[in-house]
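Let me begin by presenting the structure, written as structure tokens, before commenting on it.
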Amino acid sequence: MNDDQTNGPTYDNIGFQHEEGRPPPTAPQQGIYPYLPQETPIYVAVIPQTINTHHTVTPGTPHDTGGKKGTKKCPWKYILCGSLCVLVILAMVGLLLWYFLYYQCLLGKSCRTGGKCLSPSQWCDGVRDCPRGEDETQCFRLHGTNFMLQSYSSDSQKWMPVCADNWNNNYGRAVCEQIGYKSQDYVSYTQTSPGSLASGGYMKLKPGSNHGSRIHSLLTYSHICSAMAVKLHCIECGVSSAAPSTRIVGGTEAVNGAWPWQVSLQIYGQHICGGSIISAYWILSAAHCFQTHSNPGMWTVVSGDVSLLVNYGNGKTVRKIISNEKFNTKTNDHDVALLKLNIPLTFTRTVKPVCLPNVGMELSAGHQAWITGWGTLQASGPSPDKLNQAQVSIYSREICNSPEVLNGEITETMICAGKLQGGVDTCQGDSGGPLVVKQGGVWWLAGDTSWGIGCAWRNKPGVYGNVTYFIDWVYGHMQNE
């Protein structure tokens, strides 16, 4: 957490310091967005600096064909050559069609493992087509801030609200387990109005249905519903026990219970990165935290207090670290990871999960958000013992990618947030920690701290992994691990 401005980017955990100087952001500027030298994006934890190099290929001189002018050619050779050219072109067209329609799966859905592409009608049709069966386990999702349950219809190839007629907690618990939560996480089901989302009809329990393991097979299409739609509470999430500070410029110390999902990820008792509790077994963090140290046995997860000293030497051990397979160390794309604990957390007033964003939520541009962490208060500065917090603005991708800000570096897997005037930002040691937004009375995990140019520089907001983009990936691993 940083409310100061410094002269150059630094790297934590490995003692490396970039020595190139840079004018401080408070130097005289011209215009609203002053020109600043383009800096190489850096991580706020663990990973050394990487420089992108672009290679230019100079077109060569056309080769001499070696033909002799005026020499007669046999016509069959031209016919053969033309036929071969046609065959080559057809082969290339076929390869491109295969690549775009099958490998890229533009017209259907791709299995998470095996690369198999399914047509939309094969998804949730009662037949297990994917190697790990996700085509039959990813048939339910929660929508919006009211947690309305939707089911996928293979017949209409649409997501539809689930009618609450004859629904009970046995069905609710089974669905939540299928989504990726544990039975002991389950809270309850209630009812909610589906609004315009029911314009195409409902998925409804078949008459005489009994609770079973394959809930989706018990549902059928119905254009009417005498009750409202199912509202499902798979886990009690996003509820804090204390209000954060109202100060919005710079960082302040947090109080116990304000951010109960924040954890410290440590190696041999030393804080390395942050993370967010999303269930009793699962922590969400950033992939770049584990590029150097990927052995789960090295890590412990410490939670429950704003002071690192209070829980020194205590923490949960890690069974597995799952970094996103598409994480790119050069572009910082897909910077997200999951940690599965050996022993589940016990939820208390100061240990609680944050809500994962549901489909239909917009947690990006224009929202006010909060960042928390035990990162340094200035680049290369000391790390605090107490958890710090600050309020930031989430900016649109257009603003983030403008030449004066982050110059096209922000992809769909990222969001940027901070203060364009500088002075508020995450810094070294905050990596993997939460960027949260409050909507509908609960806190949602919008991002995980990823990278930045310096700490709290003018026109250089911090960059976060876009958790909304990763949500299918997260639930997919929660279901199968």
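Index from 1, following the sequence. None of the values given here were measured: they were computed from a predicted structure.
- Here the straight-line distance linking atom CD1 of Ile399 with atom CD1 of Ile410 works out to 12.5 Å at 0.5 Å rounding.
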**OP:** Start with the C-alpha gap between Cys111 and Cys117, add the side-chain angles, then the distance that decides, and say whether disulfide bond (SG atoms under 2.5 Å apart) holds.
**Re:** CA-CA 6 Å; Cys111 296; Cys117 185; over 6 Å; no
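- Between Tyr464 and Trp370, a ring centre-to-centre spacing not shorter than 6.0 Å is recorded.
- The main-chain N or O of Pro207 is never found under 3.5 Å from a side-chain atom of Asn166 such that the two would form a donor-acceptor pair.
- Side chain of Thr350 to main chain of Gly304: a donor-acceptor pair is present (N/O by atom type, distance under 3.5 Å, no hydrogens or angles).
- Ring planes of Trp167 and Tyr171: tilted class, angle from 30 to 60°.
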**OP:** Give the C-alpha distance, both sets of side-chain angles, the deciding distance and a yes or no for side-chain contact (heavy atoms from CB on, under 4.5 Å) between Ser323 and Gln291.
**Re:** CA-CA 9 Å; Ser323 293; Gln291 295 304 290; 4.2 Å; yes
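- Once rounded to the nearest 0.5 Å, the distance linking NE2 of His288 with OG1 of Thr329 reads 12.0 Å.
- Nearest approach of Val162 to Ser151, heavy atoms of both residues: CG2-CB, 3.7 Å.
- Within the 4.5 Å cutoff, the side chain of Pro434 has no heavy atoms near those of the Trp443 side chain.
- Within the structure, disulfide (SG to SG under 2.5 Å) contacts touching residues 317-365 (residues at least two apart or in different chains) are Cys237-Cys355.
- You'll find the side chain of Gln184 stays beyond 4.5 Å of the side chain of Pro344, heavy atoms only.
- Judged as a salt bridge (charged side-chain N to carboxylate O under 4.0 Å, His left out), and not counting sequence neighbours, the contacts of Lys320 are Glu481.
- The heavy-atom pair separating Arg349 from Pro260 by the smallest distance is O-CB, 4.1 Å.
- Ring geometry, His334 versus Tyr469: the interplanar angle exceeds 60°, so the pair is classed perpendicular (tilted spans 30 to 60°).
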Subject >> side-chain contact (heavy atoms from CB on, under 4.5 Å) assessment of Ile283 paired with Leu345 >> reply: CA-CA 10 Å; Ile283 308 296; Leu345 294 165; 4.2 Å; yes
**OP:** Start with the C-alpha distance between Val467 and Val336, add both sets of side-chain angles, then the distance that settles side-chain contact (heavy atoms from CB on, under 4.5 Å), and finish with yes or no.
**Re:** CA-CA 8 Å; Val467 175; Val336 66; 5.7 Å; no
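- Under the side-chain contact (heavy atoms from CB on, under 4.5 Å) rule, Pro461 has a single partner from Val405, Thr426, Val392, Ile394, which is Val405.
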**OP:** Could you give me the CA-CA distance, side-chain angles and deciding distance for Thr411 and Asp333, then say whether side chain to side chain donor-acceptor pair (under 3.5 Å) is met?
**Re:** CA-CA 7 Å; Thr411 70; Asp333 254 346; 2.4 Å; yes
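- Between the OG atom in Ser393 and the CD atom in Gln368 there is a gap of 3.5 Å [rounded to 0.5 Å].
- Side chain of Glu409 to backbone of Thr331: no donor-acceptor contact under 3.5 angstrom is found.
- Thr220 is linked by a side chain to side chain contact (heavy atoms under 4.5 Å, CB included) to Lys206, counting only residues two or more places apart in sequence or in another chain.
- Taking CD1 from Ile471 and CG from Asn466, the interatomic distance works out to 10.0 Å, rounded to the nearest 0.5 Å.
- The two residues Leu420 and Tyr395 come nearest to each other via the heavy atoms N-OH, 3.1 Å.
- Formation of a donor-acceptor pair under 3.5 Å by the Asp135 side chain with backbone atoms of Cys130 is found in this model.
- For Ala198, the side chain to side chain contact (heavy atoms under 4.5 Å, CB included) test picks out Pro161, Pro194, Tyr202, with sequence neighbours left out.
- Annotation for Ile215 and Phe140: closest pair CG2-CZ, 4.0 Å, computed over non-hydrogen atoms.
- For Tyr281 (side chain) and Lys182 (main-chain N/O), no donor-acceptor pair under 3.5 Å exists by modelled atom type.
- Two residues are said to be in side-chain contact when any heavy atoms from C-beta on lie closer than 4.5 Å; Tyr186 and Glu177 fail this criterion.
- When side chains are defined from C-beta on, Val463 does not count as touching Asp335, because their heavy atoms never get closer than 4.5 Å.
- Remark: side-chain polar atoms of His293 are not paired, donor with acceptor, to backbone N or O of Trp299 under 3.5 angstrom.
- At least one donor-acceptor pair closer than 3.5 Å links the side chain of Asn311 to the backbone N or O of Ser303.
- Of the possible donor and acceptor atoms, none in the side chain of Lys204 sits under 3.5 Å from a partner among the backbone N and O of Asp165.
- Residues Leu445 and Ser276 come closest through the heavy atom pair CD1-OG, 3.6 Å.
- Between Trp444 and Asn358, some side-chain heavy-atom pair lies under the 4.5 Å cut-off.
- In this structure, Trp473 and Ile322 have side chains that are in contact, with non-hydrogen atoms separated by less than 4.5 Å.
- Applying the side chain to side chain contact (heavy atoms under 4.5 Å, CB included) criterion to His143, with sequence neighbours excluded, gives Met148, Gln150, Leu197, Val359.
- Of the inter-residue distances, the one linking Ile235 atom CD1 with Ile278 atom CD1 reads 8.5 Å to the nearest 0.5 angstrom.
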**OP:** Start with the C-alpha distance between Lys352 and Ser241, add both sets of side-chain angles, then the distance that settles side chain to side chain donor-acceptor pair (under 3.5 Å), and finish with yes or no.
**Re:** CA-CA 10 Å; Lys352 296 180 182 180; Ser241 304; 3.2 Å; yes
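- At least one side-chain heavy atom of Tyr475 sits less than 4.5 Å from a side-chain heavy atom of Leu356.
- Closest approach of Cys225 and Ala164 over heavy atoms only: SG-N, 4.0 Å.
- Here the straight-line distance linking atom CZ of Phe290 with atom CG of Leu338 works out to 9.5 Å at 0.5 Å rounding.
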**OP:** Begin from the C-alpha positions of Cys289 and Ile272 and carry the test side-chain contact (heavy atoms from CB on, under 4.5 Å) through to its verdict.
**Re:** CA-CA 8 Å; Cys289 289; Ile272 304 297; 5.7 Å; no
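- Considering only residues two or more places apart in sequence or on other chains, Lys231 meets the salt bridge (charged side-chain N to carboxylate O under 4.0 Å, His left out) condition with none of them.
- Residues Asn407 and Asn401 form no side-chain contact, since every pair of their non-hydrogen atoms from C-beta on lies 4.5 Å or further apart.
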**OP:** Check step by step if side chain to side chain donor-acceptor pair (under 3.5 Å) holds for Gln439 and His367.
**Re:** CA-CA 10 Å; Gln439 281 191 23; His367 284 88; 2.8 Å; yes
**OP:** Evaluate the side chain to side chain donor-acceptor pair (under 3.5 Å) criterion for residues Thr192 and Asn146: first the C-alpha distance (whole Å), next the side-chain angles of each, then the deciding distance (0.1 Å), finally the verdict.
**Re:** CA-CA 7 Å; Thr192 185; Asn146 63 349; 3.1 Å; yes
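- Ser285 places a side-chain N or O within 3.5 Å of a backbone atom of Gly274 that can act as its donor or acceptor partner.
- The SG atoms of Cys124 and Cys139 lie less than 2.5 Å from each other.
- With a 6.0 Å radius and a threshold of 12 heavy atoms from other residues, nucleotides or ligands, Lys158 has its NZ atom at or below the threshold.
- The closest donor-acceptor contact from the side chain of Thr449 to the backbone of Gly433 lies under 3.5 Å.
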